[in-house]
S.K.: 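The structure under discussion is supplied below as structure tokens; questions concerning it will follow.
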Amino acid sequence: MEEILLHQYDRSPFSEKIRKIFAWKKIAWRSVDQPIVAPKPKLTPLTGGYRKIPVLQIGADIYCDTALIARVLEERHPQPSCFPGGNVGACEIVAQWADHWLFMAAVPPALAKIVHALPPEFMPQFMKDREAMSPGFTIANMTAALPDCRSRLVAATDWLESQIQGRDFFFGSDFSVADAACFHVLWFLRNDPESFAGVESQPALRRWFERIEAMGNGVVTPLDPDDALDIARRSLPLTPDSNYPKDPNGLAPGDRVSIVPDDYGVEVVSGVLVRTSPRDIAIRREDPSVGEVVVHFPRAGYRVTRC
């Protein structure tokens, strides 16, 4: 079985989401450190331009977005499940809420603290990079958003406290993708102690947070980015062809398409469609430094157009 490589960096909240799934499943994985800001010359050959972190690599198959990465890990390592009790739909709905609505409430307070702690020489580069990902990203706009974000966080921590009370995890005694998604947002929010105090003031939520934090990150060893590129170059994609005949937009294998996120980080990735289903879309592309790869995206959250 091919090694599981995660292109990530330590302070990435979405990487923390996947690291907790590794921990729950006791998966051995290789950490491929990538820069916090663009350019990312050791990632772009694999993804074709997608620059969000993390990215999962298994040979020459490249998986973008934690929603899809979680499913792939579940398929390869089904026990213990991170969709316990048949709660697949509920887990993914909660994760979508946490990864988007809750995360966007945590971004202004957490990043305001992070930005002010950056070395002065790095701050302009960081701000320029994040503005390229999300137009309108400025200190002034983050500051203006704080009152609404604090209101959202007060409501969210109250909801989470109500759900977790009397349980070890979101749906009972077993960890799930819902736990991973909610945890990583609050882990990121901890950069702002004032906002994180709202988590600590909720007794069940505080114990839940401490329980997940204590899980660790699984069995991890580092891998040089050049070695990850070499693994892709020596591998062949193992993606099965699509057998989904009812694509709502009439997409079919062989179509040349472009894929772009529908929220932020809107770099376009283009290639030949090889798979489409209600859950995922995959395209085949080539790069001189890695040869042929297949790049996978979740269906939800991405716009697909014919080139």
S.K.: Listing request: all side-chain hydrogen bond (donor to acceptor under 3.5 Å, both in side chains) pairs with a residue in residues 101-122, at least two apart in sequence or in separate chains.
M.R.: K113-D192

S.K.: Kindly indicate, with the supporting measurements, whether the criterion salt bridge (charged side-chain N to carboxylate O under 4.0 Å, His left out) is fulfilled by K25 and E74.
M.R.: CA-CA 9 Å; K25 291 180 172 292; E74 180 76 2; 2.7 Å; yes

S.K.: Excluding sequence neighbours, so at least two apart, what forms side chain to side chain donor-acceptor pair (under 3.5 Å) with W24?
M.R.: none

S.K.: Go through the side-chain N and O atoms of N217 and W29 and say whether any donor and acceptor fall under 3.5 Å apart.
M.R.: no

S.K.: Looking only at atom types and distance, does a side-chain atom of D61 sit under 3.5 Å from a main-chain N or O of L238, one as donor and one as acceptor?
M.R.: yes

S.K.: Would you please name every residue forming a ring-ring contact (aromatic ring centres under 6.0 Å, His included) with F297, sequence neighbours left out?
M.R.: Y50, Y302

S.K.: Could you tell me which residues satisfy side chain to side chain contact (heavy atoms under 4.5 Å, CB included) with D224, sequence neighbours excluded, listed by chain and number?
M.R.: D226, D227

S.K.: Who are the ring-ring contact (aromatic ring centres under 6.0 Å, His included) partners of H7, not counting sequence neighbours?
M.R.: none

S.K.: With sequence neighbours left out, what residues match T305 under side chain to side chain contact (heavy atoms under 4.5 Å, CB included)?
M.R.: S258

S.K.: With sequence neighbours excluded, tell me which residues meet side chain to side chain contact (heavy atoms under 4.5 Å, CB included) with E286.
M.R.: E292

S.K.: If the condition is ring-ring contact (aromatic ring centres under 6.0 Å, His included), which residues does F14 pass it with, not counting sequence neighbours?
M.R.: F103, H184

S.K.: Do D148 and S151 pair up side chain to side chain, a donor and an acceptor below 3.5 Å, judged on atom types alone?
M.R.: no

S.K.: State which residues pass ring-ring contact (aromatic ring centres under 6.0 Å, His included) with F209; sequence neighbours excluded, sorted by chain then number.
M.R.: F183, F196

S.K.: For residues 158-174, pull every pair meeting side-chain hydrogen bond (donor to acceptor under 3.5 Å, both in side chains), keeping only residues two or more places apart or in separate chains.
M.R.: none

S.K.: Mind jotting down which residue pairs meet the side-chain hydrogen bond (donor to acceptor under 3.5 Å, both in side chains) criterion with at least one end in residues 129-142? Sequence neighbours excluded, please.
M.R.: Y9-R130, R51-D129, T138-N141

S.K.: Going by the salt bridge (Lys or Arg N to Asp or Glu O under 4.0 Å) test, which pairs reach into residues 83-105, not counting sequence neighbours?
M.R.: K17-D99, R71-E92

S.K.: Has the side chain of R233 got a donor or acceptor atom that lies under 3.5 Å from a matching backbone atom of S289?
M.R.: yes

